Every structure is written in structure tokens, then in C-alpha cells.
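Remarks on the structure that follows.
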Amino acid sequence: MDATDNVWVTVFREQAEVILGKSATEVGQLKDSESAESAFDELIQNASFTRWNFKLRVRMETYNDETRRKASCVTLQRIDPSEYHRQLLKRIEQTAACL
């Protein structure tokens, strides 16, 4: 797949707690509490559009004669922008040295 496509990924408890920064119990209490609805929305908003490296397990599943790709998160790691840029610069320098 290329960068213009998207993938729906199943994230289980441990990884979801890392992304959201709260335990599953705390998230459940926020979701169920009518008075904390804005706090739940803020929690989701803060987790949106953050950058992570995901290691996925992907397999093809067939249901009702339709084959679909199913992806599950195995591990994840938050991307440190400064470290990521250092790695990119190193790769650019290595590529330039080969030319």
C-alpha cells in the first residue's frame, strides 16, 4: 500500500492505555459519566494526530465470501521528532555520499 491509503487497526488495552495516557478503567469512567463527557472528548482530541510507530500483525480474513485485510497492533512507540530528523539527515548524508 502507498501513503495515500489508510488502514483500520485494532489496538488492544495495553497499547490504547499508552496512546491515551490513562488506564482502561479511567477511560471507561469518563465515557460513562455524563458530567465528564467534555473530559472524555478532550482525552480523545489530545490523542488524535499524534505520531507513533506501529508494529502490526496483518492477515487476510474471509467473511461472507469477502476477503478483507485485518490489522492488529503488536507494539507501538511514540516518535521523537528530533531523533526522527537526526535519522533522516543521516540517511540523506549516506545517500549523498554514494552518489
Side-chain angles (χ1 to χ4, degrees):
M1 129 177 352
D2 63 19
T4 62
D5 202 355
N6 60 34
V7 176
W8 286 92
V9 177
T10 302
V11 179
F12 294 101
R13 182 182 188 145
E14 291 174 3
Q15 292 88 10
E17 288 177 348
V18 171
I19 292 171
L20 296 174
K22 292 197 178 290
S23 71
T25 305
E26 292 172 311
V27 173
Q29 289 171 350
L30 286 175
K31 177 72 175 155
D32 293 338
S33 172
E34 291 179 18
S35 62
E37 185 175 332
S38 64
F40 177 78
D41 291 341
E42 184 179 335
L43 176 70
I44 299 302
Q45 190 68 27
N46 289 339
S48 298
F49 303 107
T50 56
R51 294 181 175 254
W52 299 85
N53 275 332
F54 287 84
K55 182 177 182 182
L56 303 177
R57 177 177 296 122
V58 182
R59 62 179 180 214
M60 300 302 284
E61 289 188 349
T62 304
Y63 180 74
N64 287 340
D65 295 327
E66 186 176 335
T67 302
R68 295 182 182 178
R69 177 179 52 227
K70 183 173 181 179
S72 301
C73 178
V74 177
T75 62
L76 59 91
Q77 181 180 12
R78 188 163 194 133
I79 295 176
D80 176 16
S82 60
E83 178 60 30
Y84 179 69
H85 290 121
R86 258 187 247 113
Q87 290 176 3
L88 287 178
L89 287 172
K90 183 177 177 182
R91 290 181 187 170
I92 290 169
E93 290 168 356
Q94 289 172 345
T95 302
C98 292
L99 298 176

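The shown structure was predicted, so the numbers you read here are calculated from the model rather than taken from an experiment. FYI, side chains are in, hydrogens and waters are out, and symmetry mates aren't considered; it's all heavy atoms of this structure.
Residues Lys70 and Arg59 meet the side-chain proximity criterion, which asks for heavy atoms closer than 4.5 Å.
Among residue pairs with one or both ends in residues 38-56, none qualify as salt bridge (Lys or Arg N to Asp or Glu O under 4.0 Å); sequence neighbours excluded. Listed by first and then second residue, the side chain to side chain donor-acceptor pair (under 3.5 Å) pairs that reach into residues 87-99 are Glu83-Gln87, sequence neighbours excluded.
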Throw together a table of side-chain donor-acceptor distances under 3.5 angstrom for residues 73-82, partners on residues two or more places apart or in other chains.
unit_1 : atom_1 : unit_2 : atom_2 : d
Asp80  : OD1    : Ser82  : OG     : 3.2
Asp80  : OD2    : Ser82  : OG     : 3.4

Distance-only donor-acceptor hits, side chain of residues 22-30, under 3.5 Å, sequence neighbours excluded:
unit_1 : atom_1 : unit_2 : atom_2 : d
Ser23  : OG     : Glu26  : N      : 3.2
Ser23  : OG     : Glu26  : OE1    : 3.3
Glu26  : OE1    : Ser23  : N      : 2.9

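Annotation: side-chain hydrogen bond (donor to acceptor under 3.5 Å, both in side chains) contacts of Glu17 (sequence neighbours excluded): Arg13. Ser38 is linked by a side chain to side chain contact (heavy atoms under 4.5 Å, CB included) to nothing, counting only residues two or more places apart in sequence or in another chain.
Listed here is the closest heavy atom pair of Leu56 and Ala71: CD1-CB, 4.4 Å. The nearest pair of heavy atoms linking Thr50 to Asn46 is CG2-O, 3.5 Å.
Linking Ile, Leu, Val, Met, Phe, Trp and Tyr whenever their side-chain heavy atoms come within less than 4.5 Å puts Val58 and Val9 in one cluster. Grouping the Ile, Leu, Val, Met, Phe, Trp and Tyr side chains by contacts below 4.5 angstrom, directly or via other members, places Ile19 with Val7. Under a hydrophobic clustering in which Ile, Leu, Val, Met, Phe, Trp and Tyr are joined whenever their side-chain heavy atoms come within less than 4.5 Å, directly or via other members, Trp52 and Val11 fall into the same cluster.
Rounding to the nearest 0.5 Å gives a distance of 8.0 Å between CZ of Phe40 and CG of Leu20.
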